[in-house]
**Student:** 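Structure in structure tokens, see below.
Computed over heavy atoms, backbone and side chain alike; hydrogens, waters and symmetry mates excluded. Numbering of residues begins at 1 and proceeds along the displayed sequence.
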Amino acid sequence: MYTGTPNGDIVGLSDKITASLDGYVREPDSRNVEYTTAPISNYEQLLCALLRPRLKLREYLKHLGNYTLIPGSTLSLGGSDRFFRSDPTNPYHDYIENTYGTKVVTASVHINIGISDPELLMRACRLIRVEAALFLALSASSPFLDSKATGYHSTRWRVFPHTPTYVPLFESHAHHIEWVEQQLVAGTMQNVRHLWTSVRPNGDRRPYDLNRLELRICDLVTDPIALLAITALLEARLLQLLENPQLDPLTQSSFSHKELIALTTANEIAAATSSLDAQLVHWQDGRSILARDWIDELYQQVWTIAKQQGFSCFLSPLQKILREGNEAQQWLQLHKVGFSVRNTIIQAISATQEREMELEDKLCSSLVA
């Protein structure tokens with residue numbers, strides 16, 4: 001997340017935050033700071049685990065001055081012309097700054113789901129990779145850059161460097177290992193973390209020991225209820241995959257492997273541009289379908305699974321996103337009726353803080369202690 005002033009200006013504070021507070025990690029640029037929730041399978045507990053670090057961070061920011069957390073996934077009001085290093089001595093950060101500049105200075109959310117069987121994990125990655133555009137469509141929150149509307153709902157996913165430029169659908173764990181080793185030798189990946197794609201297998205000793213799927217395409221979703229709804233859709237889809245091993249793009253698509261990659265890339269660009277209103281191409285049969293209609297189809301398919309597993313109440317807020325629009329669409333609506341980019345962001349800062357206080361008060365009040 002970005003830190004900055006209640007007026008919407010983003011200010012780099014991550015070096016101070018990470019030096020003073022446990023549980024926060026710096027990025028190469030000091031203007032955003034990262035935190036991670038522990039692996040939790042209970043959605044009620046996860047809601048409070050998402051809120052607790054934000055409340056703690058807000059308290060700390062008050063001590064530093066009149067600072068707050070800023071929603072959105074890009075440098076909405078300006079500052080994309082220069083890099084603010086959080087750790088000037090880090091050689092990997094040198095590489096990041098020199099190679100990508102401020103294209104990487106974005107905020108986002110990465111959703112991890114535990115899958116211990118490596119072959120099942122590869123199949124899960126294949127399925128979610130070809131459907132990743134749907135999760136971007138739900139989460140888009142970066143329509144502005146440098147005080148202008150860019151024409152994209154997710155400017156972040158349009159500017160962010162997807163590295164390496166071509167990533168296949170991994171046919172097996174052995175294929176993944178071989179491919180990663182080749183990239184490291186070729187220098188297209190600097191290290192095992194340097195795989196920046198919409199979804200990737202993750203684990204403690206990549207690419208050998210893997211234990212989770214990491215969805216990386218989502219913009220920052222500030223409302224924890226909306227974030228958990230998106231997570232619930234992902235989990236329910238993966239549970240559906242467990243029940244139905246046939247759900248595999250390599251066997252259930254009319255497209256070749258390379259055509260699937262091209263289709264997936266085109267879908268991601270369409271979702272970054274128009275999010276829920278994007279016209280996408282379905283990976284199974286090539287039919288044209290609106291992102292919101294495809295999401296609703298999946299929702300209907302997985303609802304019973306979520307109900308059986310006891311988390312359907314966390315899935316149901318998806319319908320509100322489909323009905324009222326994601327954050328980018330709501331901001332653009334305000335902008336369209338005359339709000340400046342700054343006033344739109346100021347309004348979002350206030351709404352985010354109010355939402356966190358409301359949820360904390362209703363659901364996590366024990367956190368105050």
**Student:** Identify whether Val130 and Phe170 are in the same connected component of the hydrophobic contact network (ILVMFWY, side-chain heavy atoms under 4.5 Å).
**Tutor:** yes
**Student:** List, by chain and number, the other hydrophobic cluster members for Phe339, where Ile, Leu, Val, Met, Phe, Trp and Tyr join if side-chain heavy atoms come within less than 4.5 Å, directly or indirectly.
**Tutor:** Leu334, Val337
**Student:** In this structure, which one of Glu268, Glu214, His162, Arg216 forms a side-chain hydrogen bond (donor to acceptor under 3.5 Å, both in side chains) with Ser198?
**Tutor:**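 Result for side-chain hydrogen bond (donor to acceptor under 3.5 Å, both in side chains) with Ser198: Glu268.
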**Student:** Pairs under 3.5 angstrom only: tabulate donor-acceptor contacts from the side chains of residues 221-235 to other protein residues two or more places apart or in another chain.
**Tutor:**
unit_1, atom_1, unit_2, atom_2, d
Thr222, OG1, Glu327, OE1, 3.4
Thr222, OG1, Glu327, OE2, 3.2
Asp223, OD1, Ile225, N, 3.0
Asp223, OD1, Arg355, NE, 3.2
Asp223, OD2, Arg355, NE, 3.1
Asp223, OD2, Arg355, NH2, 3.4
Thr231, OG1, Leu227, O, 2.8
Glu235, OE1, Tyr43, OH, 2.6

**Student:** Kindly give the heavy-atom pair with the smallest separation between Ile70 and Asp9, and that separation in Å.
**Tutor:** CD1-O, 3.5 Å
**Student:** Going hydrophobic residue to hydrophobic residue with side-chain gaps under 4.5 angstrom, can you get from Ile269 over to Leu136?
**Tutor:** no
**Student:** Can you find a pair of side-chain heavy atoms, one from Ile289 and one from Glu297, that are under 4.5 Å apart?
**Tutor:**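 Ile289 vs Glu297: side chains touch.
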**Student:** Between the side chains of Arg58 and Thr68, does any donor sit under 3.5 Å from an acceptor?
**Tutor:**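 Short answer, yes.
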**Student:** Do Thr102 and Arg82 have side-chain heavy atoms sitting under 4.5 Å apart?
**Tutor:** no
**Student:** Identify the heavy atoms of Thr106 and Asn32 that sit nearest to each other, and give their distance.
**Tutor:**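 Heavy atoms of Thr106 and Asn32 come nearest at O-ND2, 2.8 Å.
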**Student:** List the atom of Arg85, the atom of Thr89, and the distance in Å for their closest heavy-atom pair.
**Tutor:**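 Nearest pair, atom of Arg85 first, then Thr89: NH2-N, 4.3 Å.
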**Student:** Are the side chains of Lys56 and Tyr35 in touch, meaning some heavy atoms are under 4.5 Å apart?
**Tutor:**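 In short, these two side chains do not touch, never coming nearer than 4.5 Å.
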**Student:** Run the side chain to side chain contact (heavy atoms under 4.5 Å, CB included) test on Leu290 and Ile295 for me, step by step, so that the C-alpha distance in whole Å, both residues' side-chain angles and the decisive distance to 0.1 Å come before the verdict.
**Tutor:** CA-CA 9 Å; Leu290 273 180; Ile295 293 162; over 6 Å; no
**Student:** Is Tyr2 close to Leu69 at the side-chain level, that is, under 4.5 Å between some pair of heavy atoms?
**Tutor:**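 No, too far: nothing below the 4.5 Å cut-off.
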**Student:** Looking only at heavy atoms, which two atoms of Pro28 and Ile96 are closest? And how far apart?
**Tutor:**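 Pro28 and Ile96 have their closest heavy atoms at CG-CG2, 4.2 Å.
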**Student:** Is it the case that more than 12 heavy atoms not belonging to Lys103 sit under 6.0 Å from its NZ atom?
**Tutor:** no
**Student:** Here's a test for you: under side chain to side chain contact (heavy atoms under 4.5 Å, CB included), which of Gln252, Arg126, Arg129 qualifies with Trp283?
**Tutor:** Gln252
**Student:** Indicate yes or no: at least one non-hydrogen side-chain atom of Met357 is less than 4.5 angstrom from one of Glu354.
**Tutor:**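 Side-chain contact under 4.5 Å: no.
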**Student:** Tell me, which pairs form a side chain to side chain donor-acceptor pair (under 3.5 Å) where one or both residues lie in residues 132-149, sequence neighbours left out?
**Tutor:**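 The answer is Ser73-Ser141, Ser80-Asp146, Ser142-Asp219.
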**Student:** Are Thr163 and Tyr100 packed together at the side-chain level, in the sense that at least one heavy-atom pair is separated by less than 4.5 angstrom?
**Tutor:**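 In contact.
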**Student:** Give a yes or no on this: more than 12 heavy atoms of other residues, nucleotides or ligands lie within 6.0 Å of atom CG of Asp81.
**Tutor:** yes
**Student:** What is the minimum heavy-atom distance between Gln183 and Pro164, and which atoms define it?
**Tutor:**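 Taking Gln183 first and Pro164 second, the nearest heavy atoms are OE1-CG, 3.9 Å.
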**Student:** Can you check side chain to side chain contact (heavy atoms under 4.5 Å, CB included) on Phe160 and Val104, steps first, answer last?
**Tutor:** CA-CA 6 Å; Phe160 198 86; Val104 297; 4.2 Å; yes
**Student:** Checking Thr150 against Thr155: is there a side-chain donor and acceptor pair closer than 3.5 Å?
**Tutor:** yes
**Student:** Only one of Arg212, Arg206, Arg205 clears salt bridge (charged side-chain N to carboxylate O under 4.0 Å, His left out) with Asp209; which?
**Tutor:**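 Filter result, single survivor: Arg205.
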**Student:** Quick one about Gln347 and Asn343 (side-chain donor to acceptor, distance below 3.5 Å, no hydrogens or angles considered), yes or no?
**Tutor:**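 No pair is found: no donor N or O on one side chain lies under 3.5 Å from an acceptor on the other.
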